[in-house]
Colleague: 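The structure that follows is given in the form of structure tokens.
One is the number of the first residue; the rest follow in order along the sequence. Computed over heavy atoms, backbone and side chain alike; hydrogens, waters and symmetry mates excluded.
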Amino acid sequence: MQVRAARAMLGWSIDELSLKTGLSANTIKRVEADDQSRPSSRSTITKVKEVMEGEGVVFIGHSAAAPGVQLVRNID
């Protein structure tokens, strides 16, 4: 998952994402490490995605083909 890149696009620290998701900073670090020997739960991934998508992040591709992120914000 492209969480680190999305977090950088939003200008958020690990602690800030932790506060916004209600997850521990260590959990965020594990999600970003994408360690397949210790994968994150589906509910953890879903929570991170929901919070970031609510801020305009669009996750594109998937881990096997052209993964990436875009930041889309409404300009009023």
Colleague: Would L19 and L17 show up in the same hydrophobic cluster when neighbours are defined by side-chain heavy atoms closer than 4.5 Å?
Modeller: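 Cluster IDs for L19 and L17 differ.
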Colleague: Determine whether V51 and W12 make a side-chain contact, defined as any pair of heavy atoms from C-beta on separated by less than 4.5 Å.
Modeller: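 Yes - at least one pair of side-chain heavy atoms lies under 4.5 Å apart.
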Colleague: Closest approach of S18 and S24, non-hydrogen atoms and distance?
Modeller: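 Closest approach of S18 to S24, heavy atoms only: OG-C, 3.5 Å.
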Colleague: Identify the two heavy atoms, one from I14 and one from K29, that lie closest to each other, and give their separation to 0.1 Å.
Modeller: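 Heavy atoms only, the tightest pair is CD1-CG, 3.8 Å.
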Colleague: Given side chain to side chain contact (heavy atoms under 4.5 Å, CB included), test Q70 with I60 step by step and report yes or no.
Modeller: CA-CA 8 Å; Q70 291 179 322; I60 57 176; 4.2 Å; yes
Colleague: Would K20 and E55 pass as an ion pair if we require N to O under 4.0 Å?
Modeller: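 No, this pair does not count.
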Colleague: Write down the atom of M52, the atom of V3, and the distance for their closest heavy-atom approach.
Modeller: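 What the structure gives for the nearest pair is CE-O, 3.7 Å.
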Colleague: Provide the closest heavy-atom pair for V69 versus Q2 in the form atom of the first, atom of the second, distance.
Modeller: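 Shortest heavy-atom contact: CG1-CB, 3.5 Å.
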Colleague: Using the rule side-chain contact (heavy atoms from CB on, under 4.5 Å), only one of K49, K47, E50, E16 pairs with T21; which is it?
Modeller: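 Testing each of K49, K47, E50, E16 against T21, the sole residue satisfying side-chain contact (heavy atoms from CB on, under 4.5 Å) is K47.
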